[in-house]
Structures are given as structure tokens and as C-alpha cells.
Amino acid sequence: MSGDVPKSMRALRLHGAGMEGLRLDEVRVPRPGPRQLLGRVDAATACASDNKIIDQGSEHTLMYGWDLAAHPVPIGHEGCITVAEVGEELEDTYRVGSRYAVQPAVPSGPRRHRERYRNGAVGVEKIAVGYTLDGLFAEYVLIGEEVIETGCLLPLPDAEMPRFAAALAEPLSCVVSAQQHSIHILKDSPAEPRRAHLGMKPRGVVVIIGGGPMGRMHVEVALSCGPRKIIVSEPLASRREKLVAMIEDKARRQGVALVCTDPDHLAEVVVAESDGRGADDVIVALGIRAVQEQAVSLLARYGVANFFGGLKKGDHMISLDARRIHYDSVTVVGSSGGDPSDVAQALSLLADGTIEAGNYIAAVGGLDAARDLVAAVREQRLDGKGVIYPELRSPLEEVDGWDAQREAAFLQQKARR
Ligand SMILES: NC(=O)c1ccc[n+]([C@@H]2O[C@H](COP(=O)([O-])OP(=O)(O)OC[C@H]3O[C@@H](n4cnc5c(N)ncnc54)[C@H](O)[C@@H]3O)[C@@H](O)[C@H]2O)c1
């Protein structure tokens with residue numbers, strides 16, 4: 001592929017806070033240094049958190065004061081690449097044509113452009129693709145030493161994996177990571193010692209609040225932990241119906257009862273479905289303060305509440321019933337993003353069909369549709385993920401599910417234009 005790499009490309013870059021700072025630019029294709037790679041971006045999906053960097057610009061925590069007006073960056077942190085060029089010192093390890101998923105949160109300080117970070121990047125230990133490292137809403141992306149040396153480039157488990165499925169590994173990895181942050185302290189009998197269990201309580205009652213795409217992924221990942229019952233709270237009837245159509249049969253086959261309700265009835269449904277005990281696990285798959293507060297009240301003794309959605313700065317202080325923590329030993333946990341082991345696990349869940357990636361796809365388009373996709377996610381117009389194929393030029397098309405054949409046909413048909 002290296003011979004085919006053009007000199008310039010298009011990239012969706014952020015020049016400053018606000019949607020008006022987000023532009024599709026013609027830029028130079030970067031050239032990899034000796035220990036770097038150039039990736040062709042095969043697919044990139046948009047995430048609700050892209051809006052946080054759009055809203056906050058240089059003030060975003062992961063930008064460390066980087067001046068976006070002087071140094072605009074391509075955004076996009078969910079996606080997969082094919083290696084297009086290999087730096088000379090990596091020729092024994094990487095080859096042109098290999099495919100990888102990208103883990104965007106990189107546990108490292110920056111090697112390049114340290115002068116652009118506040119205090120010359122002193123104390124910076126975590127950087128991210130789509131923030132100060134070039135993002136994936138672009139035709140090509142430079143994969144720097146930080147990404148490579150921290151294991152944040154993950155080989156696909158199956159060379160035939162469709163692009164949209166590989167791109168979905170990142171959001172799914174956040175769900176995998178989050179559920180492993182729910183720690184239960186279990187005892188087989190009063191005389192036995194305690195042990196820690198990572199994940200949803202086996203044979204427990206799980207409540208998932210929010211039936212958007214991330215809530216639905218939580219339901220599917222929770223199913224693999226073998227709970228007794230999963231209760232989902234979602235105000236929109238269309239989303240509840242989608243969840244039932246997508247997951248109810250699968251849950252039944254695994255011996256798990258799936259119960260859908262709306263926020264007004266959640267508390268009474270939890271009482272009824274748990275014989276008055278409360279939920280062993282509650283996952284809050286949205287970022288609303290009052291809902292986080294309610295989550296703790298839904299817990300059984302020794303239950304764990306997991307705050308998956310973050311709260312806006314300035315609206316992030318909540319009230320907690322400290323007596324529940326003391327007398328009922330309830331726990332509150334949270335996490336943001338995942339790490340390479342979570343992406344690896346997500347890739348295997350997608351490759352073995354435990355998670356049907358196509359069920360999550362709600363729109364597709366070329367790179368010229370990336371800005372529209374970000375706007376659609378911002379305005380909550382899509383119930384699912386939108387996939388951008390950066391090599392194509394094509395408007396955003398809403399779809400109800402996606403698969404390998406449709407992806408191949410779409411790529412072929414649009415490339416001919
Ligand atoms: N922790 C992480 O690593 C991580 C990663 C990705 C996304 N997230 C967060 O996950 C959250 C969910 O993402 P999404 O893409 O599914 O968002 P979404 O907005 O599509 O889904 C949220 C859902 O919650 C529903 N809802 C609103 N109020 C409710 C209430 N009171 N009770 C129950 N449901 C209610 C909405 O109707 C919607 O369907 C977001 O806050 C996102 O930022 C976290």
C-alpha cells in the first residue's frame with residue numbers, strides 16, 4: 001500500500017471550541033518516523049464524548065492547554081486501521097496491509113510536541129488519540145511511539161472482521177472495563193473467608209438505567225456474567241422495543257429474564273422483581289445527577305452502583321446516603337474508557353458473535369458526512385452508532401442494522417463514483 005499513499009488527505013479537524021471550530025480540511029499526509037506507522041483509517045465511529053472536546057476545546061482535560069487555534073487536531077477516537085507505511089525500525093514487527101483496532105487512551109506522556117502542552121507536558125501521564133494525538137476522522141493517521149509501545153494497537157482476531165465491527169471494539173471495551181470495576185465481596189458461607197468477584201454478581205438482579213446504544217451493550221455484556229434477571233429503565237418506548245427485539249430471545253436462551261420499564265416505574269419494578277431485596281448491580285448508562293442518586297437507593301445490601309456516564313462539570317456533586325454505605329455495605333464505582341486488555345476482550349466478543357456488531361449500527365457515510373454524524377450524535381438523533389468510511393465521499397445514510405455483505409457492497413458501490 002505504501003506506493004499508493006497520496007501527499008494530501010482530508011481530515012475533520014477541531015480549530016477551537018464549538019461546532020463552528022470543526023472543519024473538514026485538506027492537509028498533508030504525515031510521514032512515519034523510524035519507530036512510527038502510518039495507518040489508513042478503515043472506519044471510525046462517533047461517540048457522545050466527542051462533544052465534550054468540541055464544547056471545551058483547549059480546556060478539555062485531555063488537551064492539557066494545547067492551543068487548537070494554532071494547532072488544530074483531527075478528532076475521532078473509535079476506529080480501526082490498515083498499516084499503510086512502516087517506520088524503518090519497525091519493519092520486523094509490522095507489515096503493510098495488517099489490520100488493527102485502536103485503543104485511544106494511551107497511558108504515557110507525549111513524545112512529540114511537548115512544548116504545546118501546559119508546562120511542557122510535565123506530569124502528563126495519559127494522552128489520547130482524537131485529542132492531542134491525531135484522531136481517526138481522517139483518511140490516514142500517524143501512529144506514534146506512545147500508541148505502539150503501550151500496546152494500544154491491537155491486531156484483529158480475524159483478518160476478515162468487517163471494519164464496522166472492529167471500530168465497535170472501542171465503545172464495547174469501555175463497557176467491558178466498566179463491568180469489571182463492579183466488585184462484589186462474596187462469601188460462600190458465614191464461616192468461609194470473603195473473596196472479591198469482578199463483574200456483575202452471579203445469579204443476581206442487574207438494573208441498567210438508560211437504553212441507548214451503550215445501555216444495550218451493557219445488557220449484552222451483563223448477560224455473559226449469568227445474572228438471574230436484568231431490568232432496563234428507558235423512557236423512550238421505541239428504544240425499549242428495540243432492546244426487546246434485539247436481546248429478549250438471547251436472554252431467554254441463557255436463562256435470564258429481561259424486564260423493561262420506564263423511569264417512573266423503575267423503583268416499584270425493582271422491588272417487585274427482586275422480592276423486595278433491591279438490585280445487586282445498578283449501571284447508570286447516562287449522565288444525569290438525579291439518576292445517579294436514585295441508583296444507590298435501588299441497591300440491595302452489598303449491592304454495587306456503577307456510574308458509567310459522566311456528569312457535566314459544575315453539575316457533578318451528588319448526595320449519597322452514607323447510612324446505606326455503612327449499614328448496608330453498598331459500593332459506588334465508576335470508570336471512563338478502557339485499556340488494551342479491554343479492547344482485546346471486546347474484539348473476541350465481536351469475533352465469536354457474542355455481540356452482534358451490526359445491531360448497533362444506525363448510520364453510515366463517507367468522510368464528508370463525519371461532521372453531520374457528530375452533529376446527529378450531539379442532537380441525539382441517532383439510536384446507535386454511525387460509521388464513517390474515510391476513503392469514501394458519501395452523505396450520512398440512516399440504516400437499521402449493518403453486516404459484512406452490506407459493508408462490502410457499500411464500499412464497492414461508493415468507491416466507483
Ligand atoms: N464510561 C465510559 O467509558 C463511557 C464510554 C462511552 C459512553 N459513555 C457514556 O454512556 C452514556 C450513554 O451513552 P449512549 O451513547 O447510550 O447515550 P444515549 O444518549 O443514546 O442514551 C441514553 C439513554 O438514556 C435514556 N434516558 C434519559 N433519561 C433517563 C432516565 N431518567 N432514566 C432512564 N433512561 C433515561 C435516553 O432516552 C437514552 O435512550 C453517555 O453518558 C456517555 O457519555 C461512557
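Nothing fancy with the numbering, it's 1 onward along the sequence. Remember, it's 1-based here, ligands and their atoms both numbered in the order they're listed.
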Do the rings of His60 and Tyr131 sit parallel, tilted or perpendicular, given the 30° and 60° boundaries?
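Tilted: the ring planes of His60 and Tyr131 meet at 30° to 60°.
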
According to the interplanar angle, ranging from 0 to 90°, do the rings of Trp66 and Tyr117 count as parallel (below 30°), tilted (30 to 60°) or perpendicular (above 60°)?
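Perpendicular.
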
Under 4.0 Å from ligand 1, counting heavy atoms only, is it the side chain of [X], its backbone, both or neither?
| X | result |
| --- | --- |
| Pro263 | side chain |
| Ser336 | backbone |
| Val291 | side chain |
| Leu266 | neither |
| Arg216 | neither |

Below 3.5 angstrom, do we get any N/O pair linking [X] and ligand 1?
| X | value |
| --- | --- |
| Ile209 | no |
| Ser335 | yes |
| Met214 | yes |

Take atom [atom1] in [X]; do more than 12 heavy atoms of anything else shown fall under 6.0 Å from it?
| X | atom1 | result |
| --- | --- | --- |
| Lys187 | NZ | yes |
| Glu160 | CD | no |
| Asp25 | CG | yes |
| Glu125 | CD | no |

Minimum-distance protein heavy atom relative to [atom]:
| atom | answer |
| --- | --- |
| atom 21 (O) of ligand 1 | Gly212 CA, 3.5 Å |
| atom 2 (C) of ligand 1 | Phe308 CE1, 3.4 Å |
| atom 18 (P) of ligand 1 | Arg239 NH1, 3.9 Å |
| atom 12 (C) of ligand 1 | Ala285 O, 3.1 Å |
| atom 28 (N) of ligand 1 | Ile288 CD1, 3.7 Å |
| atom 25 (C) of ligand 1 | Glu234 OE1, 3.2 Å |

So which of His184, His218, Gln179 actually passes side chain to side chain donor-acceptor pair (under 3.5 Å) with Asp281?
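Single pass found, and it is His184.
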
Heavy atom of [X], distance to ligand 1 below 4.0 Å:
| X | value |
| --- | --- |
| Gly337 | yes |
| Ser49 | no |
| Pro235 | yes |

